[in-house]
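What follows is a single structure, written as structure tokens, with notes after it.
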Protein chains: 2
Amino acid sequence: MSEGNQVYIAVIGAGGVGRHFLHQLTHLTHTHPNLSLILISRTSKSLRATDPSPGLSLSTWEADLAASKQSPLTISQTIHFLTETHGHCILVDNTSSPEVANAYPEILRRGISVVTPNKKAFSSDLALWKAIQESSYRPTTPYNTRGLVYHESSVGAGLPIISTLKDLIDTGDKVKKIEGVFSGTMSFLFNNFAPLEGKGGKWSAEVTKAKEAGYTEPDPRDDLNGVDVARKLVILARICGLEVENTDAFPVQSLIPKELEGVGSGEEFMEKLPGYDRSMEEVKNEAEKKGKVVRFVGSIDVERKALKVGLEEFDKGHPIAGLKGSDNIISFYTERYGSNPLIVQGAGAGGAVTAMGVTADLIKVIQRLS
Amino acid sequence: MSEGNQVYIAVIGAGGVGRHFLHQLTHLTHTHPNLSLILISRTSKSLRATDPSPGLSLSTWEADLAASKQSPLTISQTIHFLTETHGHCILVDNTSSPEVANAYPEILRRGISVVTPNKKAFSSDLALWKAIQESSYRPTTPYNTRGLVYHESSVGAGLPIISTLKDLIDTGDKVKKIEGVFSGTMSFLFNNFAPLEGKGGKWSAEVTKAKEAGYTEPDPRDDLNGVDVARKLVILARICGLEVENTDAFPVQSLIPKELEGVGSGEEFMEKLPGYDRSMEEVKNEAEKKGKVVRFVGSIDVERKALKVGLEEFDKGHPIAGLKGSDNIISFYTERYGSNPLIVQGAGAGGAVTAMGVTADLIKVIQRLS
């Protein structure tokens, strides 16, 4: 803990999450006067501070960026710009770009810290995960100027999932199983399709409703294929020490009917989906007969090193069955917590809560740097 | 973040939580080689390291302490011992002693950090809370050598309650209401007395069962008076910025019948309790008639600055109604999270999970110091 250190912040991505983040950063500067925003980088252009202190204006960044004639920066140019700023730099990557993610190891080796909701960096090939870990600061390294890396929002947005899991592991607890609803879209779909009370709508109608309410990706198949949930499981499993190669290394159930996998557009897919309502109705009724409800969940059996994504039936009294809206719920079964898991629940998607996880991580990095 | 800094740890209290903490500390030294335990202090005796590096042995501390002829240390002697150790010191207070708590401001002003589950320090008179805040490190202080203070386990043991609340506030969310079951004892009592399914036992029988299972204090009145829950509310309310004077400043319902308040011993209290079963039975039936269940909860209405501890009725589908065993559940209603709160749930008492919160805090302080 040294005193009065200036911390320089560079932001890539200023859309949904990025915009919320910059708003929260403004709030943060009231309590942390040593922060200085030096770069906002988008695909189309960039805005660089001519003088790192005081840096860019947080009250006028939007107009300043709109007026900026500075060209967009490549990753190498961004790294070059940051290394020329002498002092502690933190890169806030609000994109989901694999290109930026691939550069994390180099960025960290140059002593630049990374804070991000970018799932790609931590759920793609194991080699990238390992490179990121090896390139970042660890207390067992006797001397280094490596960057720190925090990515709370890569799972469950602002919910304290990754920090809780790390606390459990770092304090010596044995995590046995992690189970939960990791997708806000899937949560919304199944809470409406197979509610605890009432009948629920037809599957295709619920998908349409979710799409219209903005709960799905532009092409709903990007949610229905289960890959988003699989990515989150990979991240948590790797934190538990499991060497999961990638999302293809374990069973991931896709809710896209086989016959519609090759369909060209999202619109065509939505048109044809009602033809497959019967099979989902059967799944719902099968559970109902046993007094249960069906939900789309991910689970990690840490001891058996087994990951799984797909439909499961739950008793109506189970916390997963009782979920509301588009909430996530994640249960940690550990040696210390015994038969009743530690549970975290709440909105797991959305610009403001995702940015919250990013900003909270940023605070932790700043506290470690200053 | 400076390199290779040794961090010195002093522990007060080596009983229930303290013993678990020292076990977890052993685990921690594998990943944090720069830790050195220099003092274990109990009421009856102490064990001081003659050489701060490597310090005391974590594998033989129990036998070494038993064999130690070193007299117990007063608080002033402890502070003197720590200030003579040149380097970063962290005091881990595993007691519930108000005397140790009262010394926090002086300890922090001397640059010693404090990590503790001690509720007294943060829920007693407002003046002590303010002195602790003013004496500890803040990023707005341009230069200082003040200590850090972390106390996750003062509410909900190892559950991420305080860290989550701070993240919400620090990132600019507006916390509107906090509500929950904050006492493992009360949770156990009401989950059995008024279960979701079945009738549940008589009130006095459930108190006896809880006492025999070790879920209550030696004198169950120390749980039934509601003060433990009130203390936790005071802590969370103050973090939200409410200047709550102490636990007398708001309504706290006691479940000790008026007539039994003056009874001498816990044994006599337990003997006479069955005579008051009828009134609790009426409370249960009253809720049952509405299709609800009764629970003992605490709530903070942040906007109206209103705290309340006592019995409330909940719909059977409410997460508070569905709680199991002796679990805690805490719901944060905020502007960002909207109508569905952020919920944290799990065991909120017990040596191992309380120590986990302490150890996780210690890691955070070490990360900020080294």
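Here is the naming used below: chain letters follow the sequence lines, and residue numbers restart at 1 for every chain. Hydrogens, waters and symmetry mates play no part in the numbers below; they use all other heavy atoms, side chains included.
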Checklist entry - Between atom CD1 of A/Ile169 and atom OG1 of B/Thr31, what is the distance when rounded to the nearest 0.5 Å? => result 11.5 Å
Checklist entry - Among A/Val344, A/Ile329, A/Val353, which has the most heavy-atom pairs under 4.5 Å with chain B? => result A/Val353
Checklist entry - Between B/Gly172, B/Gly346, B/Ser163, which has the largest tally of heavy atom pairs under 4.5 Å with chain A? => result B/Gly172
Item to check | A/Arg368 side chain near B/Lys364 side chain, heavy-atom distance below 4.5 Å | outcome: no
Checklist entry - Under a 4.5 Å cut-off applied to non-hydrogen side-chain atoms, are B/His32 and A/Arg138 in contact? => result no
Next on the checklist: Rounded to the nearest 0.5 Å, what separates atom CG in B/Leu323 from atom CG in A/Asn340?
Outcome noted: 8.0 Å
Item to check | Within 6.0 Å of NZ in A/Lys174, more than 12 heavy atoms from elsewhere | outcome: no
Checklist entry - Do B/Ile343 and A/Ile343 come close enough that some side-chain heavy atom pair is under 4.5 Å? => result no
Item to check | Max heavy-atom pair count under 4.5 Å with chain A, selected residue of B/His30, B/Lys316, B/Gln345 | outcome: B/Gln345
Item to check | Toward chain A, the part of B/Lys166 with a non-hydrogen atom under 4.5 Å | outcome: neither
Item to check | Min side-chain heavy-atom separation A/Asp167-B/Met356 under 4.5 Å | outcome: yes
Next on the checklist: Minimum heavy-atom separation for A/Gly317 and B/Lys324, please, with both atom names.
Outcome noted: O-NZ, 4.4 Å
Next on the checklist: Please classify the contact between B/Leu168 and chain A as side chain, backbone, both or neither, with a heavy-atom cut-off of under 4.5 Å.
Outcome noted: both
Next on the checklist: If I measure from the heavy atoms of chain A, does B/His23 come under 4.5 Å with its side chain, its backbone, both, or neither?
Outcome noted: neither
Next on the checklist: Among A/Leu28, A/Asp170, A/Thr164, which residue has the highest count of heavy-atom pairs closer than 4.5 Å to chain B?
Outcome noted: A/Asp170
Item to check | Among A/Thr171, A/Thr359, A/Leu25, residue most engaged with chain B (heavy-atom pairs, under 4.5 Å) | outcome: A/Thr171
Next on the checklist: Walk me through whether A/His20 and B/Arg336 qualify under side-chain contact (heavy atoms from CB on, under 4.5 Å).
Outcome noted: CA-CA 11 Å; A/His20 280 284; B/Arg336 258 180 226 149; over 6 Å; no
Next on the checklist: Measuring only between side-chain heavy atoms, which start at C-beta, is B/Leu159 closer than 4.5 Å to A/Leu342?
Outcome noted: yes
Item to check | Under 4.5 Å from any heavy atom of chain A - which part of B/Pro33 | outcome: side chain
